Amino acid sequence: MLLTPHPCIRTPRRLKATALLASAVSVCLVAASAPATPLGIGDRLFPYLGNPGYDVASYDLAFTYPGTNREPLRAVTTIDARTTADLDRVNLDFAHGKVDSVKVDGRPATFTSAGEDLVITPEKPLSQGSRVKITVRHTSDPAPAKGREGGWVRTADGLAMANQADAAHLVFPCNDHPSDKALFTIRVTAPDGYTAVAGGLPAGVDRDGGTSTWTYRTKHPMATELAQVSIGRSTVLRRTGPHGLPVRDVVPTRHRAAIEPWLEKTPGQIAWMESKVGRYPFETYGLLTADADTGFELETQTLSLFERKIFAEGGYPKWYVESIMVHELAHQWFGNSVSPRTWSDLWLSEGHATWYEALYAEEKAGKALQARMKAAYGVSDRWRASGGPPAAPKAPAPGKKTGIFRSNVYDGAALVLYALRQEIGRPAFERLEREWVSVHRDGNATTADFVRLASQISGRDLGGFFQAWLYGAKTPPMPGHRDWKTSAAGAATGEAHGRTRGVHTK
């Protein structure tokens with residue numbers, strides 16, 4: 001689960017240290033006599049995120065909403081997994097709820113907390129290669145976690161989720177790292193008058209004694225950070241996208257008239273993205289418009305999260321709002337279908353989403369891509385100094401896990417893609433983009449994978465090019481634009497995700 005170095009790229013020393021950490025963790029998996037400790041897979045940016053020793057196949061999440069977003073939800077999380085090592089204990093990431101009971105393969109198991117881990121000891125040790133079913137009965141607390149960001153988002157009429165980068169385990173027990181994708185079934189029970197929607201396709205509604213239970217299932221694996229559940233006094237709007245794709249949007253009922261004209265643009269945007277990179281990769285798509293001040297938009301899988309005010313009262317130019325819609329849509333290919341193997345590979349997700357956001361603005365609104373890239377080039381050295389190179393971002397500050405979402409992985413990473421197109425030519429670049437999302441569909445990929453495919457398609461070794469552009473402390477000369485200069489006094493940086501108008505995307 002670590003970054004695999006391409007032979008033509010010098011591996012940063014910190015990645016070697018990460019590999020040693022992962023190795024040290026693996027030898028501790030069966031040390032049942034030792035005190036319970038938090039584990040992790042050794043991600044460079046989040047060392048204690050995720051857990052070794054098993055691979056999750058599916059999650060079944062059941063939430064019971066009490067009719068107020070001020071009280072904890074009752075919840076049951078069921079995990080089906082396969083062990084990849086002999087285990088006396090199983091660590092799950094879970095940090096913001098009360099655990100009532102745990103069963104492993106139907107038999108009661110003991111449990112305790114260690115850091116942000118739920119450490120489970122089954123009655124019998126688990127052997128490598130065995131299937132295991134873990135059922136955790138717990139609460140899921142919508143109150144903000146002290147010193148943490150993300151998890152449940154309180155809206156004016158209910159709840160939504162924002163789990164990026166490492167906040168899914170503030171909502172439910174899980175293996176909370178994008179490298180362990182799984183299928184999801186999500187069930188939500190709420191009082192009459194509320195509507196619940198989740199990622200994936202609907203699989204029925206059961207009504208009983210003043211409550212309703214909605215069930216949704218994904219057809220494609222999903223990272224925990226991309227899970228979405230909306231509970232509110234909402235209206236679900238349905239339309240058809242390309243190839244008969246079911247498109248559904250979720251809006252606060254009282255704001256439907258103001259929001260719906262924007263959402264009608266989605267099928268055309270999907271068609272535009274398909275013309276660039278191929279067929280939409282999932283079973284459905286739509287926007288969840290939350291009546292909340294989140295400070296960002298988020299690409300939750302098949303149901304992207306947007307603030308209501310960006311459509312209803314933001315005062316943003318029409319072209320700009322539409323380009324942000326395309327940013328989150330592009331993530332369905334780049335980041336969701338093809339997910340980063342480690343958080344250091346984030347530039348592959350955000351750089352591509354920013355690239356297609358900018359390309360859409362150029363083609364649909366005449367906002368020149370080259371001008372945007374030149375402006376980004378002018379301040380790119382400053383972005384690298386403050387946030388690190390695109391493929392080696394600096395770690396976030398304690399309690400600010402979303403601090404990795406800096407301009408260096410947005411416009412700074414899009415600048416790398418622009419340089420690559422300049423270097424290998426438009427036909428090869430466009431073929432690379434289509435091949436990338438096809439070869440790695442429903443999986444995880446690394447920076448080294450991208451370098452390898454780009455070299456293969458271009459017919460030349462691009463190791464040196466990418467080493468400079470992805471890991472260099474200074475921005476290299478721009479191919480075809482040797483006159484471009486970097487300057488600390490360049491264009492406005494919009495350090496929050498490279499935005500100059502106050503809209504933050506993830």
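The model shown is predicted, which means the values in this text are computed figures rather than measured ones.
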Looking at the rings of [X] and [Y], which for Trp means the six-membered one, are their centres under 6.0 Å apart?
X	Y	answer
Tyr356	Trp333	no
Phe450	His352	yes
Phe94	His169	no
Trp355	Tyr410	no

N/O donor-acceptor pair under 3.5 Å between [X] side chain and [Y] backbone:
X	Y	result
Asp180	Val56	yes
Asn408	Gly388	yes
Tyr216	Ala196	yes
Arg421	Val416	no
Arg82	Gly129	yes
Asp43	Leu49	no
Trp347	Pro390	no
Lys265	Met325	no
Thr84	Tyr54	yes

For residues [X] and [Y], is any side-chain donor paired with an opposing acceptor at under 3.5 Å?
X	Y	result
Ser304	Tyr285	yes
Asp345	Thr447	yes
Asp60	Thr78	no
Arg384	Thr475	yes
Ser344	Arg44	yes
Asn336	His331	no
Glu299	Gln164	yes

Could you pull out the closest heavy-atom pair between [X] and [Y], with the gap in Å?
X	Y	answer
Thr302	Gly199	OG1-CA, 3.4 Å
Ala162	Leu298	CA-CD2, 3.6 Å
Asp117	Asn51	OD2-OD1, 3.2 Å
Pro479	Ala419	CG-O, 3.9 Å
Pro340	Pro178	O-CB, 3.8 Å
Ala358	Leu369	CB-CD1, 3.6 Å

Among pairs that include at least one residue of [range], which meet salt bridge (charged side-chain N to carboxylate O under 4.0 Å, His left out), considering only residues two or more places apart or in two chains?
range	value
residues 276-287	Lys276-Glu363
residues 473-487	none
residues 165-178	Arg148-Asp166, Asp166-Lys401
residues 426-435	none

Spacing of [atom1] belonging to [X] relative to [atom2] belonging to [Y], to within rounding of 0.5 Å:
X	Y	atom1	atom2	value
Tyr280	Leu245	OH	CG	6.5 Å
Ile270	Ser275	CD1	OG	12.5 Å
His177	Thr224	NE2	OG1	9.0 Å
Ser455	Ile424	OG	CD1	9.0 Å
Thr284	Arg248	OG1	CZ	4.0 Å
Met478	Gln370	CE	CD	9.5 Å

* What residues, two or more places apart in sequence or in another chain, satisfy side chain to side chain donor-acceptor pair (under 3.5 Å) together with Gln228? ->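 Side chain to side chain donor-acceptor pair (under 3.5 Å) check on Gln228 returns Thr300.
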* Evaluate the salt bridge (charged side-chain N to carboxylate O under 4.0 Å, His left out) criterion for residues Arg460 and Glu423: first the C-alpha distance (whole Å), next the side-chain angles of each, then the deciding distance (0.1 Å), finally the verdict. => CA-CA 11 Å; Arg460 37 187 290 232; Glu423 181 75 11; 2.6 Å; yes
Should [X] and [Y] count as side-chain neighbours, where that means a heavy-atom distance under 4.5 Å?
X	Y	result
Tyr59	Leu183	no
Glu260	Glu264	yes
Leu61	Thr185	no

Less than 4.0 angstrom from a charged side-chain N to a carboxylate O is my criterion; do [X] and [Y] meet it?
X	Y	value
Asp80	Arg131	no
Glu225	Lys181	no
Arg308	Asp291	yes

* Apply side-chain hydrogen bond (donor to acceptor under 3.5 Å, both in side chains) to the pair His220 and Gln301, showing each step before the final yes or no. => CA-CA 10 Å; His220 299 264; Gln301 190 161 309; over 6 Å; no
* **Set of ring pair (Phe, Tyr, Trp, His ring centres under 6.0 Å) partners for Trp214, sequence neighbours left out** =>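 Scan of Trp214 (ring pair (Phe, Tyr, Trp, His ring centres under 6.0 Å), adjacent residues dropped) gives none.
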* To do: Tell me, with the steps shown, if Asp449 and Arg341 meet salt bridge (charged side-chain N to carboxylate O under 4.0 Å, His left out).
  => CA-CA 10 Å; Asp449 292 327; Arg341 176 71 65 178; over 6 Å; no
* Apply side-chain hydrogen bond (donor to acceptor under 3.5 Å, both in side chains) to the pair Thr83 and Gln128, showing each step before the final yes or no. => CA-CA 5 Å; Thr83 60; Gln128 180 178 350; over 6 Å; no
* I would like to know whether Asn163 and Leu226 meet side-chain contact (heavy atoms from CB on, under 4.5 Å); could you show each step before the answer? => CA-CA 7 Å; Asn163 295 332; Leu226 300 173; over 6 Å; no
* Test log, rule side-chain contact (heavy atoms from CB on, under 4.5 Å), inputs Asn175 and Ile41 -> CA-CA 10 Å; Asn175 198 28; Ile41 62 169; 5.5 Å; no
* Determine, stepwise, if the pair Leu288 / Phe306 fulfils side-chain contact (heavy atoms from CB on, under 4.5 Å). => CA-CA 6 Å; Leu288 164 59; Phe306 279 75; over 6 Å; no
* Test side-chain contact (heavy atoms from CB on, under 4.5 Å) applied to Ser337 and Val437, step by step -> CA-CA 8 Å; Ser337 179; Val437 297; over 6 Å; no
